[in-house]
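A note on names: the letters A, B, ... follow the listed sequences, proteins ahead of strands, and every chain is numbered from 1.
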Number of protein chains: 2
Amino acid sequence: MNPTIHDVARLSKTSKSTVSRYLNGQPVKKRTEETLKAAIKELGYHPNVNARRLVKNSTQTIGVVVDDISNNFYSGILRGIEKVANLHNYQCVYYNGVSHRQGEFGFLNLAHERQVDGLILISFLKRSPELFEKIKDLSMPVALIGDGGEGIRDHGLLSVDVNNEHGIKEIVHYLNRIGHKEIAFIAGPDEFSATSQRITGYKKALKELGLTLQPSWIVPSDWSKEGGYKAMSELINKGGMTAVIASNDETAIGALLCTHELGFRVPKHFSIAGFDDIEVSSWVYPPLTTVKQPLYQIGIEATEGLVKKMKNKEAPLQGRRLIEPNLVVRDSCMNLL
Amino acid sequence: MNPTIHDVARLSKTSKSTVSRYLNGQPVKKRTEETLKAAIKELGYHPNVNARRLVKNSTQTIGVVVDDISNNFYSGILRGIEKVANLHNYQCVYYNGVSHRQGEFGFLNLAHERQVDGLILISFLKRSPELFEKIKDLSMPVALIGDGGEGIRDHGLLSVDVNNEHGIKEIVHYLNRIGHKEIAFIAGPDEFSATSQRITGYKKALKELGLTLQPSWIVPSDWSKEGGYKAMSELINKGGMTAVIASNDETAIGALLCTHELGFRVPKHFSIAGFDDIEVSSWVYPPLTTVKQPLYQIGIEATEGLVKKMKNKEAPLQGRRLIEPNLVVRDSCMNLL
DNA sequence: ACAAGTTATGCAAGCGCTTTCCCGAAACTT
DNA sequence: AAGTTTCGGGAAAGCGCTTGCATAACTTGT
């Protein structure tokens, strides 16, 4: 059996309370401190986490809900979360399920059965209002990653997302700086909040630059390589553009493929840019100019906010935090000047 | 405050003991069962995990030690582990650190400070004998993923790995079936146990097929794309082979790149095969013929073994388990017949 | 040197559950 | 119907820790 606090007290001829207080950083006499330290070392004592958690009424656990845990895209975020959680002596428990769809609230188990101290919900889909109700009922600190929905402020939650609008703007501006005026856009699926934000960014940037918006140059797609392929072939049929921005890298890679198969060259005939900066973006030919999503950073910030709230229930920090993505210039866009 | 077992007892006019027994599946009278069920429902009662864990003296936690948690290669394994762990109501806590190097035993914290019930060590590097000593001292169920080292059997551990030797044999045989007789091999770095196993598979397969082994056709590399590029250019200089097997997909993709850049075509001038079946293998041109590592399955099996041991300390299951990888034929190898 | 103030320490209760022990009720036996 | 066995349920102890309260041990000021 492992030594208990009682053993330490006996060996050091003090009491359990003193040992406990010493372990929790409360002041003790120099002499007692030394005796205690010696006793703890001799016994190889480590406080029992279960006992401690029982009295403190906390599991030291953060519940993390991910739409699709097998999607590698999320792993950067998860690493960020783990990092901060561990730093503050929390552990994470993952729940793989949809946190957005109507009536899909299986993740509430984490709160009731696992009794987590706080929750991080990751989903880039638009969230239902019902979700916010459920969250409020939990009366537990919750951080949202991805779409914060409308009710962030009203509901007193923390939400972290990437600044999609700004990210796309950066690419458009960059393309324009290197001489492009005819820029098309391959959008993502409607259910994602990022989709409309990125479209907005695209439109606003065109306006800022005084370029005319061709509605037919915004073609919807589905984040997939195949979708990108199809969208690109449509665009090539329409013709007229010198550059194409895809809503994510996978789509961009599909577009790349299509372009090549139709006998065109990138960036000679078409400049193509992506969004996300996934690992393979630098592997394809030509290496993709894209916008890096600071996923790790997003995970970090959400968790830091959550932890602060968990440690101090009165903490005020809330609201929407937008992380700035940054442009990664590689070789898939040609300088026309 | 949340309802406690005491509240349930009072509301149902029974005692804490009865409630507890009912919750733990022990027999109760039909009538009591109904009263209890009703009371539990009415109160929305959920047993407090901390209290339960305290008396059971178990954290219901598995410690998972990964060499490099940011390496996406591991995520399949981790998903398998999480899956089984959750199924059995365990949660995982990750430790990102080297579990192999001399003197690097930071992961022991998991055992002492976090008080995990069991440990899974993931590393494909060769393990030091010292590691096995440390593990034995823990007197805690431990499963190894990757190199099991020598002492598996002596130390009574469970070890799960992929059958590297067999995987490479399969490719060689496949290549031979489609007419290849001159097959070169790009090996991985020495520190990995898989490296020697794969080389062995390569050599044995050649022997089985009566092909002559050209020592200079085994060129060492470092798992990286750049390494693959370099190795391939060496091989092309030497010349004479019709096919090249790379020790992993990333290397194979580097080799692919090199081949193209030197003006050759795959699979026309060289057939190239990989190992792992990472996501991008099907994205490159031509899609890579490779051997799929059943990472998810590896995670599953290791965890199942561990859980069995944790639930029943007397469980005998131990030893080395080898999971069979399987050939994935795509377009990077040409049929010469 | 002594009262008053300050700080360190010990005692005991209690966190919410499981489990042993024992008793009373029900189910069997004859 | 009385005696024997079986079994469900209650009381209480205990898991290892924290913490409020009371007391003991030091400081400090005069």
| message | My understanding is that only one of B:Ile145, B:Val64, B:Ile122 makes a side chain to side chain contact (heavy atoms under 4.5 Å, CB included) with B:Tyr74; could you say which? | response | B:Ile122
| Over how many whole Å does the gap from B:Arg21 atom CZ to D:dA11 atom P extend? | 11 Å
| request: Take atom CD of A:Glu33 and atom P of C:dT9, then tell me their distance rounded to the nearest Å. | output: 10 Å
| task | Please tell me if the side chains of A:Arg114 and B:Val49 come closer than 4.5 Å, counting only heavy atoms from C-beta onward. | result | no
| field | Options D:dG10, C:dA8, C:dG10, nucleotide nearest the side-chain atoms of A:Pro27 | value | C:dA8
| message | Test salt bridge (charged side-chain N to carboxylate O under 4.0 Å, His left out) on B:Arg10 and B:Asp7; report intermediate values, then the result. | response | CA-CA 5 Å; B:Arg10 211 178 18 183; B:Asp7 299 323; 2.9 Å; yes
| message | Measure NZ/A:Lys30 against C1'/D:dC26 and give the value in whole Å, please. | response | 17 Å
| Atom pair distance, as rounded to whole Å: CZ in A:Arg10 and P in C:dC11 | 14 Å
| request: Provide, to the nearest angstrom, the distance between the CD atom belonging to A:Gln26 and the P atom belonging to D:dT18. | output: 10 Å
| message | Between B:Thr32 and D:dG9, is there a contact of a side-chain N or O with OP1 or OP2 at under 4.0 Å? | response | yes
| Which pairs count as ring-ring contact (aromatic ring centres under 6.0 Å, His included) when at least one residue sits in residues 10-33 of chain A, sequence neighbours excluded? | none
| field | Validation row: B:Val65, B:Tyr94 side chains within 4.5 angstrom (heavy atoms) | value | no
| Any donor-acceptor pair under 3.5 Å between the side chain of B:Ser17 and the base of D:dA11? | yes
| Reckon A:Thr18 touches a base, only the sugar-phosphate, or nothing at all at heavy-atom distances under 4.0 Å? | sugar-phosphate
| field | Contact residues, residues 45-62 of chain B to DNA chain D [heavy atom, < 4.0 Å] | value | B:Leu54, B:Val55
| query | Rounded to the Å, how far apart are A:Gln115 CD and C:dG16 C1'? | reply | 10 Å
| field | C:dT9 phosphate, OP1 or OP2, under 4.0 Å from A:Thr14 side-chain N/O | value | no
| said: At less than 4.0 Å, is any side-chain N or O atom of A:Ser15 found next to OP1 or OP2 of C:dT9? Yes or no. | reply: no
| query | Just how far, in rounded Å, is P of D:dC17 from CG of A:Asn2? | reply | 9 Å
| So which of B:Ile5, B:Thr4, B:Val8 actually passes side chain to side chain contact (heavy atoms under 4.5 Å, CB included) with B:Lys16? | B:Ile5
| query | Of the candidate nucleotides D:dG8, D:dC26, C:dT19, which contains the atom at the shortest distance from the side chain of A:Lys29? | reply | D:dC26
| What's the NZ-P distance between B:Lys16 and D:dA13, to the nearest Å? | 11 Å
| note | Closest to the side chain of A:Asn24, out of C:dT9, D:dT18, D:dA12, is D:dT18
| field | A:Ser20 vs D:dT18: side-chain N/O to OP1/OP2 distance below 4.0 Å | value | yes
| said: Once you measure the plane-to-plane angle for B:Phe124 and B:Phe73, does it fall in the parallel (<30°), tilted (30-60°) or perpendicular (>60°) bin? | reply: perpendicular
